[in-house]
Amino acid sequence: MMVGRALRAVLGVWLLGVAAWGCGPVSGPPSDERAPVPIADAPPTATSHITATLFFGASGGGGLVPARVEVPLAPTIAEQAEAILRAALADPPAGMLRVVPRGTRLRAFYLDGRGGAFVDVTSEVVRLHPGGSFGEALTVAALVNAVTANLVAVRTVRLLVEGREVDTLAGHVDVSGPIAQDMSLVVSDKRP
Amino acid sequence: MVRGALACAVVLGVALAWPGWTAGLGAQAVPAPVGAQTSVLVIVDPGHGGDDPGAIGPGGTEEKALTLSIAQRLRALLQAQPGFRALLTREDDRRLTADQRAAFSNAAGGQVFISVHANASPSPTTAGFEIGSLIAVDGPPGDTESVDRAPLLPVASGPPRRVAVLRWNRAQASHQALAAMLAEDLGRRFAGFGGPGPRGVYRAPLRPLVAVAAPAVLVEFGYLSNNDEELALATEERQIAIAQAIVQTLEATTPMVVR
């Protein structure tokens, strides 16, 4: 009886291990970023989700605050990034502020195979930007951090607008080159 | 952009080899640098302009108009000050690119560059001044030379001449430390205007400063998105006080900042 229970326990632990390996960490480094990298052996079901960390404006106005948001699990790194970015462009959770202009949509996401990514968004991010170097810095960091904080394979992000390189989104922050993750603007929401 | 930057570098190189050919390089005709000047030339850059209004306050105040007004007051104060001259990158409501602003400053021989802006935040409660200087994200670590002095370039007449060619995207690199010092000094002087904003004195990859070949700072004297600050910034009293604070800082720090 005891032996049978122990065997069942060992088998259960082994099955859990296999399941965890099969799902795999979404942010694990791919062996070859040039090709779409499957992150699960089996196609995700409609109920599969990951919890992503996104960044929205602090209600007190002092910077960005992280928010844990459920986004659909996707079969490749690129598709996972698209799902994360769509969530980052959606309305923020209650009590947080939008830092990317409303109406901005994701056009495309590319990996360059060397740890860099391209995030291509629609022109609303420029046309409807309310300006200010602080507001612009929040926009850039929210987009870049959404990718780099959830996909460790991506170290830098190039921002494109309607498929083209731009110098800035609102006249201040240089986005003409690769941008690394910037957590310096992330604050506690209690801070004014 | 790389092609444009290279063209600007070569043009400036030729301009330096042939003084007097600088008019028309920038947003408006500027006098060519003249020999030894005892006064310090400050380039004041009113942010935004034309079809780019910059931030707009809840009461409708446009950043581009506010920056031009404060820049004009700053120029008037500097011109009245012994030891200073001042030029504006734009005199009216027109749009200029960051490279046009930098080209104007570099061609005129600007020794200090003050880009004047107002800020905005998604939260209407964000308030305070912020002073930014450049932290370059381009180029290999330790590469801080702004000027390549080696090239021998052809000139329009006569034999080739050795010229100083400005490396456009690295122009601010060798001035970053002095610019950061100027930003700190401005921050101390601005402390009387309601305290610093979320970043206070900060360093960031600020595009308007990248190609400026002199210590350059971006001064944001308040948040237009904040109703109280918009009202205050629109007053003549506050605008003069801001201009005076900048002049007092330049008086105190210019001997250390200007080479």
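By convention in this document, chain letters (A, B, ...) are assigned in the order of the sequence lines, proteins followed by strands, and residues within each chain are numbered from 1.
- Panel note: side chain A:Asp174, backbone B:Leu206; no donor-acceptor pair is recorded below 3.5 Å.
- Nearest approach of B:Ala120 to A:Phe134, heavy atoms of both residues: O-CB, 3.9 Å.
- Within 6.0 Å of CZ on A:Arg107 lie more than 12 heavy atoms contributed by other residues, nucleotides or ligands.
- Interface with chain B: from residues 119-132 of chain A, residues A:Pro130, A:Gly131, A:Gly132 qualify, criterion being any non-hydrogen pair under 4.5 Å.
- A pairwise comparison of heavy atoms in A:Val99 and B:Pro122 identifies CG1-CG, 3.9 Å as the closest pair.
- Proximity to chain A is absent for every atom of B:Ala98, based on heavy atoms less than 4.5 angstrom apart.
- In the displayed structure, B:Glu236 atom CD is contacted under 6.0 Å by at most 12 heavy atoms of other residues, nucleotides or ligands.
- Interface remark: A:Ile179 contributes no atoms to any contact with chain B (heavy atom separation under 4.5 Å).
- Contacts between A:Ala137 and chain B at a heavy-atom distance below 4.5 Å involve the side chain alone, from C-beta outward.
- B:Arg199 and A:Ser133 are linked by a side-chain donor-acceptor pair at a separation below 3.5 angstrom, with hydrogens and angles left out of the test.
- B:Thr126 contributes a side-chain N or O that, together with a main-chain N or O of A:Gly61, makes up a donor-acceptor pair within less than 3.5 Å.
- The NE2 atom of A:His172 lies 7.5 Å from the OG atom of B:Ser115; values are rounded to the nearest 0.5 Å.
- The distance from the CG atom of A:Asp167 to the CZ atom of B:Arg207 is 4.5 Å, given to the nearest 0.5 Å.
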